[in-house]
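The next block holds one structure in the form of structure tokens; read it before the comments.
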Amino acid sequence: MKKLGLLMALAVLSLLVIACTTESPVNDAPNNNAGNDDGDFTVGFSISTLNNPFFVTLQEGAEEKADELGIQLNVVDAQDDNSKQVNDVEDLIQQGVDVILINPTDSSAVVSAVELANAENIPVITVDRGADGGEVVAHIASDNIAGGEMAGELLVELVGEGAEVAELEGIPGSSAARERGEGFNNIATESLDVVTSQTANFDRAEGLSVMENILQGNPNIEGVFAHNDEMALGALEAIEASGRDVVVIGFDATDDAVTAVENGRLAGTVAQQPIMIGESAVQAAFDLLSGEDVEDFIPVDLELVTE
């Protein structure tokens, strides 16, 4: 019995030694809460529409920068639908993203989406178009007012002082449409006769149909400024079909528009550099999550593209 008791005591002692010298399995497991310390960030990006070459290029720039920085980028397409954008932002919040980039369908309607993110303490950065409310950490965009002024000055140069011109406006309520229109009219009010301003919602097909109507009602029109290239190219189709000689200037410098400029069909376009806008947006998100200071407004340079 004494021998049996000794053996049992040795067995218990061995177990105690093993327990004291073996590391806990918990210490070997990865720290699931340490992701952000390693720069492993997830960023959500709600884009107004991917049915527009400009925003497709912007997305590509964002994705390239995300790959470079090791960021998980979740992109959702609002399809130019205000309600869908709000729902998309709700989904991104549920996914637990660290920052939300928003390219608004409408600067006013997007406020509710921004406020949803604010309520969850998720930073919001607006891209290309601003938000009329909510707390936004930074805004990345070109100076649309300056771009509109550049287009206005070029149109005056090409058609002359006092000429009759038309303005094709973007989506009502979007900051891009407001600002480009403001810049253009800063010049046009003093130097041109803007006989009509009509929305074509940044859409090529609408640009075509709206321009057809404008041509019918304005036989003396000499120039057109469109708030984006898609509308400009639609307007150009209508003008060429009519056989009229009307100068058209766009905005964005998409590939189709630049080709049209090179071929002498489009008089010019204001280049926004969407790749750089996308890259800057993701870089701003990364800097913010890394604890660096981020400017309220991060501008992206513009340039005028002409023959």
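- Residue Val111 is found outside any hydrophobic cluster, as its side-chain heavy atoms come under 4.5 Å of no other Ile, Leu, Val, Met, Phe, Trp or Tyr.
- Contact of the Ser142 side chain with the Ile277 side chain is registered, since non-hydrogen atoms from C-beta on lie closer than 4.5 Å.
- In this model, a donor atom of one side chain and an acceptor atom of the other lie less than 3.5 Å apart for Glu167 and Asn185.
- Using modelled atom types, one side-chain atom of Thr199 and one backbone atom of Gly170 make a donor-acceptor pair closer than 3.5 Å.
- Of all the heavy atoms in Gln85 and Pro104, the pair that sits closest is OE1-CA, 3.4 Å.
- For the atom pair CG (Leu302) and CG (Asp143), the distance works out to 6.5 Å, reported to the nearest 0.5 Å.
- Rounded to the nearest 0.5 Å, atoms CD1 (Ile249) and CE (Met150) are 10.5 Å apart.
- Under the 4.0 Å criterion applied to side-chain N and carboxylate O atoms, Arg180 and Asp252 are assigned as salt-bridge partners.
- Using a cut-off of 4.0 Å between Lys/Arg side-chain N and Asp/Glu carboxylate O, Asp256 and Arg204 are scored as salt-bridged.
- Taken to the nearest 0.5 Å, the CD1 atom of Ile100 stands 4.5 Å off from the CD1 atom of Ile122.
- Residues Glu161 and Val156 have side chains in contact (heavy-atom distance under 4.5 Å, counting atoms from C-beta outward).
- For Asn82 and Thr105, the side-chain atoms include at least one donor-acceptor pair closer than 3.5 Å.
- Surrounding CG of Asn263 are more than 12 heavy atoms belonging to other residues, nucleotides or ligands, all under 6.0 Å away.
- No hydrogens or angles considered: a donor-acceptor pair under 3.5 Å links the side chains of Asn103 and Ser48.
- Between the Ser175 side chain and the Gly130 main chain, a donor and an acceptor come within less than 3.5 Å of each other.
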Do Ile171 and Asp80 pass the side chain to side chain contact (heavy atoms under 4.5 Å, CB included) test, and can you show the C-alpha distance, the side-chain angles, and the key distance before you say yes or no? CA-CA 9 Å; Ile171 295 172; Asp80 269 337; 3.7 Å; yes

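- A distance of 9.0 Å separates CD in Glu153 from OG in Ser191, rounded to the nearest 0.5 Å.
- With sequence neighbours excluded, no residue satisfies ring-ring contact (aromatic ring centres under 6.0 Å, His included) with Phe251.
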Taking only distance into account, with no hydrogens and no angle test, what donor-acceptor pairs under 3.5 Å do side-chain atoms of residues 279-287 form with protein atoms, sequence neighbours excluded?
unit_1 : atom_1 : unit_2 : atom_2 : d
Ser280 : OG     : Met276 : O      : 2.8
Gln283 : NE2    : Asp287 : OD1    : 2.9

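- Gln94 and Glu90 share no donor-acceptor pair across their side chains, judged by distance under 3.5 Å alone.
- Atom CD of Glu292 sits in a crowded spot, with more than 12 heavy atoms from other residues, nucleotides or ligands closer than 6.0 Å.
- Between Asp132 and Arg178 a salt bridge is recorded (basic side-chain N to carboxylate O distance below 4.0 Å).
- Side-chain contact of Asn52 with Glu230: a donor-acceptor pair under 3.5 Å is absent, judged by distance alone.
- Residues Glu135 and Asn118 bring no donor and acceptor atom of their side chains to less than 3.5 Å of each other.
- The line from CG of Leu73 to CG of Leu101 is 7.0 Å long, rounded to the nearest 0.5 Å.
- When side chains are defined from C-beta on, His139 does not count as touching Ile125, because their heavy atoms never get closer than 4.5 Å.
- Separation of atoms CG (Leu155) and CD1 (Ile187) is listed at 11.0 Å; rounding is to 0.5 Å.
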Take Asp229 and Thr269 through the side chain to side chain donor-acceptor pair (under 3.5 Å) test and state the conclusion after the steps. CA-CA 7 Å; Asp229 286 337; Thr269 180; 2.7 Å; yes

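- Val194 is listed as a side-chain neighbour of Phe184, based on a closest heavy-atom distance under 4.5 Å.
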Please report the C-alpha distance between Glu222 and Asn220 in whole Å, then the side-chain angles of each, then the deciding distance to 0.1 Å, and finally whether the side chain to side chain donor-acceptor pair (under 3.5 Å) criterion is met. CA-CA 6 Å; Glu222 296 183 56; Asn220 298 319; over 6 Å; no

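- Contact of the Phe54 side chain with the Gln272 side chain is registered, since non-hydrogen atoms from C-beta on lie closer than 4.5 Å.
- Residue Gln198 places its CD atom among more than 12 non-hydrogen atoms of other residues, nucleotides or ligands, all under 6.0 Å distant.
- Counting heavy atoms from C-beta outward, Gln79 and Asn51 have side chains that stay 4.5 Å or more apart.
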